Amino acid sequence: MSVPIVRTVPDLRARVRAWREEGARIAVVPTMGALHEGHLSLVRAALRRADRVIVTLFVNPKQFNSASDLAAYPRTEEEDAAKLAPLGVDILYAPGAEEMYPEGFATTVSVGDVSEGLCGAFRPGHFDGVATVVTKLLLQAGADLAFFGEKDFQQLQVVRRLVRDLDIPVEIVACPTVREEDGLAISSRNVRLSETERQIAPKLAEILRLAAGRIGAGAPVDRTLADARSAILAAGYARLEYLELRSEEDLAPLSTLDRPARLLAAAWLGEIRLIDNIQVMPLPQNGLAGASDRQLEEG
Ligand code: PAF
């Protein structure tokens, strides 16, 4: 069993056109490859909702902040295709750089507002790169549904905003973060952690969960965030880029929990930058300690 690999836009469009003629519902799952359980959960969700599923694999140079990071990014197309085949994916769309960015390419999709702050403040140009390639992939695939993980929550909101602002006719489906047993959010970067760093890594999720529970139960936001920042550094993280409470819908900074929110963090363990986030719901909506059902299940 193998999954057909498509390399060009005309080939992709021809296949999608044939599916449309059959009346199929089509989903796309954009990835940069190096597929792990997090990606596969998106693919399974797509297979549940659509008749045909396209997985895209393109390591997008425009969203990397350094040439060394781009060069170090794993390229594992064969292994990725082998993971997708048994699931029943219909196409792996893996265009080359010249297909995505032919000579003379001069357009950038830049989403304001939700791209600002958080990762946007520490990775200049990153979300322009993401928005540009996602816009292209959505227009190339012409799918009804597109699946993204909540692990990259700011990216998810950037994608939602560009789809809304540019009237791209696709439903964005968000899927929950997949975690290791000890709570560490699954990421392709985790394999680069040393043994000691791997032991420290899940503390980020644990501290976020505790802080979310406290804020949800009514603790003051500023004090709780200050305590959580100290706890992340005390746990062994070398550097904290940000830990912030933001409105879930538009990522506006919050100093009180007056609407559904997310606690988002990025921190460095040695050379590895990890991000994570967790939902925080105001008390009247759950009657518990502010943690959502999903958060309690994940915990
Ligand atoms: O999340 C990713 O893997 C990438 O940012 C995406 C959405 C595939 C765009 O390159």
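Quick note: numbers below take in every heavy atom, side chains included, and nothing from hydrogens, waters or symmetry partners. Counting convention: from 1, in listed order, for ligands and their atoms alike. Note that the structure is a prediction, hence the values are computed from the model and not measured.
Annotation: salt bridge (charged side-chain N to carboxylate O under 4.0 Å, His left out) contacts involving residues 16-36, sequence neighbours excluded, comprise Arg20-Asp144, Glu22-Arg52. Sorted by first and then second residue, the ring pair (Phe, Tyr, Trp, His ring centres under 6.0 Å) pairs with a member in residues 8-42 read His36-His39; sequence neighbours excluded.
Residue-to-ligand polar distances keep Thr31 apart from ligand 1: every N/O pair is separated by 3.5 Å or more.
For the pairing with Asp113, the salt bridge (charged side-chain N to carboxylate O under 4.0 Å, His left out) check across Arg161, Arg246, Arg164 returns one residue only, Arg161.
Listed by atom number, the atoms of ligand 1 under 4.0 Å from Gln155 heavy atoms are 1 (O), 2 (C), 4 (C), 5 (O), 7 (C). Remark: ligand 1 atoms within the under-4.0 Å shell around heavy atoms of Val133 are 9 (C), 10 (O).
Closest to atom 9 (C) of ligand 1 by heavy atom, among Gln63, Met32, Lys151, Met100, is Gln63.
Counted by atom type alone, Ser66 and Ser68 present one or more donor-acceptor pairs between their side chains at under 3.5 Å.
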